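Reading through the structure tokens given below for one structure.
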Amino acid sequence: MFQLPFHTIRPATTAHLAQTMTMLSLTAEELRQQIESELAANPALELINERRCPTCHRLLPKQGLCPICSQPALFDSSEPVVFISPREDFYPGSISPQSEDLPVDNFSIATEDLPTYVLRQIASELDASNRKIAAFLLTHLDEDGLLTISLLEVARYYHVPLGDVERVQRIIQRADPVGVGSSSPKDALLSQLDILSETRLIPPHARELIQSGMDLLSRHQLSELARRMKVPLRQVQQAYRFISENLNPFPGRANWGDVRQPANSRLDVFHRPDVIISYLEGDVEKPLIVEIILPLNGTLRVNPVFKKAIHEAPEENKDSWKSDLERASLFVKCLQQRNHTMQRLIHRLVVLQREFIVKGEEFLKPVTRVQLSKELEVHESTISRAVANKTVQLPNKRIIPLSSFFDRSLNVRTVLCNLISQEQRPLSDSELVDLLEEYGYKVARRTVAKYRAMEGILPAHLRQASS
DNA sequence: CTATGGCACGGATT
DNA sequence: AATCCGTGCCATAG
């Protein structure tokens, strides 16, 4: 019923194949750059406007209404709907056609600065007056992403209660470089900790350490800290490691302009996902909507005017025009090819891992890339490329790497976490092995220890029995 | 003596 | 061919 504009896949030339391959491994952000430079370099390539759905802003098919918004009831809830989606709200830097009716600077390709980037994320949560406050706060950030003015000043300036300003600040802090807009490094750490604690376990005392031991913490005086807080040194060390690995006192400094996370960071904050999975109309009963982000605000095609003009091309330019034309059509084909592959891949993946997506990590089925490559009848390296470096946003708004879908042990690890969080008394690793066996997971004792370490859980003798 | 972490090996995965 | 991951063995801490 909802036919996507599939294009017949032509027999690939080697150049075609090579370019598709490299394109497949690009993230949405990288793809944006690629398209941008190609567009600038090749006059035969053009980007045209297309009609958009007035409610969801998705690109509309050639004729008719947006299939998602207009007839939601038509969809079978057992089948996910997968499609390529140019979502400029997720891609503020999306490339737009230079149309006459739209001021160019509105969606220009200029990279955004931090204040704009943050404001875009939170704009929908704020009413007009709060938006003003947010904008004001964001223009007073230093290069570290911290506020240079006090909240009190702002409140006085706008004649609003301090509480209002604080509320706006809290919303800002939750936006992408998490902790941005905090008043101090300490503040930034605390808000990051809050957000992290919603999704994973945090070591005991981490919060108190930051709260009251910030100065000692920043000077790495752990033993002094342990004495003053009356907490075992081991726990201080544990908490310290967690803090330095996962939190960042200067939220603006870190990865701004850098797409990839530092290797040692486990903070699940990525700038923008490559794929977004959500429920239709936010309703759990409705089917899953899967959008593969294409950072393109329109449709890319070979310029028909250019194509026509080729016959009248001046003799000395004819060759270069011709190569431009070929290059352009190759580029478009590769892009289609990439989209097609991504779409098939993600579709299969969503069907397979539905439980994981809707119910949580515990239900992840161990699937290897090889299995999937056989099902889709593509080479395994194709899957690898498609999966590498990409991120997915789940319906619960968490953004995770696409490779998590192929994690062989994530399910066991989460069961392990549950087990430990529900334990009455600290269980040793070998006891946990037996317990896991009852749940149908057979792992070695040594492996349990590894998983514990991965999840940042202390060994049994350092854990106190708690709720 | 038990529980755990380090090192390293082999097989699977990419 | 390179890398990742689970596991076994052994040293060490408690």
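Note that the structure is predicted; figures quoted are calculated from it, not measured. Note on naming: letters A, B, ... go to the chains in the order of the sequence lines (proteins, then strands), and numbering restarts at 1 for each one.
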*Pair of N/O donor and acceptor under 3.5 Å linking B:dG11 base with A:R408 side chain*: no
*asked:* Let me spell it out: for each of A:K450 and A:R445, pick the nucleotide of DNA chain B with the closest heavy atom. Which residue's pick is nearer the 5' end?
replied: A:R445
_Among B:dG6, B:dT4, B:dT13, the nucleotide that comes nearest once only the side chain of A:A460 is considered_ = B:dT4
*Sidechain N-carboxylate O distance under 4.0 Å for A:K374, A:E380*: no
*Measure distances between side-chain N and O atoms of A:R452 and base N and O atoms of B:dG5, and say whether any donor-acceptor pair falls under 3.5 Å.*
no
*Write down the distance between CG (A:D429) and P (C:dA13), rounded to a whole number of angstrom.*
18 Å
*d(CG, A:L372; P, B:dT14) in whole Å*: 10 Å
*Quickly work out the A:E431 CD to B:dA3 C1' distance and round it to whole Å.*
10 Å
*asked:* Rounding to an integer number of Å, can you tell me how far A:E380 CD sits from B:dT13 C1'?
replied: 8 Å
*Give the rounded distance in Å between these two atoms: CG of A:L458 and C1' of B:dA3.*
14 Å
_Any residue meeting side-chain contact (heavy atoms from CB on, under 4.5 Å) with A:P366, in chain and number order, not counting sequence neighbours_ = A:N411
*Indicate whether the side chain of A:T414 and that of A:E362 have a donor and an acceptor atom separated by less than 3.5 Å.*
no
*Find the distance A:I457:CD1 to B:dG5:C1' and express it as a whole number of Å.*
16 Å
*Could you give the CZ-to-C1' distance, from A:R369 to C:dC4, as a whole number of Å?*
10 Å
*Reckon A:S428 has a side-chain N or O less than 4.0 Å from the OP1 or OP2 of B:dT2?*
no
*Rounded to whole angstroms, how far apart are CG on A:N411 and P on C:dG6?*
11 Å
*asked:* Any carboxylate oxygen within less than 4.0 angstrom of a Lys/Arg side-chain nitrogen, looking at A:R413 and A:D407?
replied: yes
*asked:* Between A:T447 and C:dT7, is there a contact of a side-chain N or O with OP1 or OP2 at under 4.0 Å?
replied: yes
